[in-house]
Amino acid sequence: AGTEEGRQALQHSGATLVVDHSCPDHYQDVKDFTEGHGVDAVLEMLSNENLHHDLKILAPGGGVSIIGSRGPVEIDP
């Protein structure tokens, strides 16, 4: 979440970990918090910019819910 209000709303809704996506280290924060296991879910608002990073922090069996994008998304395995 990009605002303190948004992060608090997610915490009150039961999210175990909430990160500030504008912080440059937020992907590393996720890896550290999960001890390298990854997260079960990512809610992605800007998939054309972030999806390739999101896939690297998913736990086995985890998923990404794409809510928004501002351009095409390509995945090159």
Side-chain angles (χ1 to χ4, degrees):
T3 66
E4 184 60 32
E5 182 179 87
R7 288 186 292 279
Q8 287 180 3
L10 290 168
Q11 288 172 330
H12 290 302
S13 295
T16 305
L17 174 66
V18 178
V19 295
D20 180 351
H21 64 81
S22 64
C23 177
D25 296 328
H26 75 278
Y27 286 107
Q28 187 61 48
D29 292 343
V30 170
K31 288 182 181 180
D32 293 344
F33 181 84
T34 64
E35 299 177 344
H37 179 73
V39 295
D40 295 325
V42 173
L43 305 178
E44 183 54 68
M45 302 293 288
L46 192 58
S47 59
N48 62 306
E49 294 290 326
N50 301 320
L51 185 59
H52 62 287
H53 295 298
D54 298 338
L55 297 176
K56 295 175 186 175
I57 62 166
L58 282 178
V64 178
S65 292
I66 296 176
I67 299 167
S69 185
R70 292 187 183 170
V73 176
E74 284 187 39
I75 299 174
D76 186 6

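All heavy atoms count here, side chains included; hydrogens, waters and symmetry mates do not. The chain is numbered in sequence order, starting from 1.
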#### Entry: Contacts of type side chain to side chain donor-acceptor pair (under 3.5 Å), residue Thr3, not counting sequence neighbours
none

#### Entry: Criterion side chain to side chain contact (heavy atoms under 4.5 Å, CB included) against Phe33, the qualifying member of Val19, Val39, Leu17
Leu17

### Query
Which atom names give the shortest non-hydrogen contact between Arg70 and Leu46, and what distance separates them?
CG-CD1, 3.6 Å

### Message
For Lys56 versus Lys31, what's the shortest heavy-atom pair and its separation?
### Response
O-CE, 4.4 Å

### Query
Which pairs with one or both residues in residues 37-47 pass side-chain hydrogen bond (donor to acceptor under 3.5 Å, both in side chains), sequence neighbours excluded?
Glu44-Asn50, Ser47-Ser69

### Message
Test of understanding: clusters of I, L, V, M, F, W, Y form through side-chain heavy atoms closer than 4.5 Å, transitively. Do Ile57 and Val73 belong to the same one?
### Response
yes

### Query
Does atom CD of Glu4 have more than 12 heavy-atom neighbours, drawn from other residues, nucleotides or ligands, at distances under 6.0 Å?
yes

### Query
For the atom pair CD (Glu5) and CG (Leu10), what is the distance rounded to the nearest 0.5 Å?
11.0 Å

### Task
Check the angle between the aromatic planes of His26 and His21 and answer parallel, tilted or perpendicular using the 30° and 60° thresholds.
perpendicular

### Task
Please answer: with hydrophobic residues joined when any side-chain heavy atoms are less than 4.5 Å apart, are Val42 and Ile66 in the same cluster?
yes

### Message
Grouping I, L, V, M, F, W and Y whenever their side-chain heavy atoms are under 4.5 Å apart, do Val30 and Leu51 come out in a common cluster?
### Response
yes

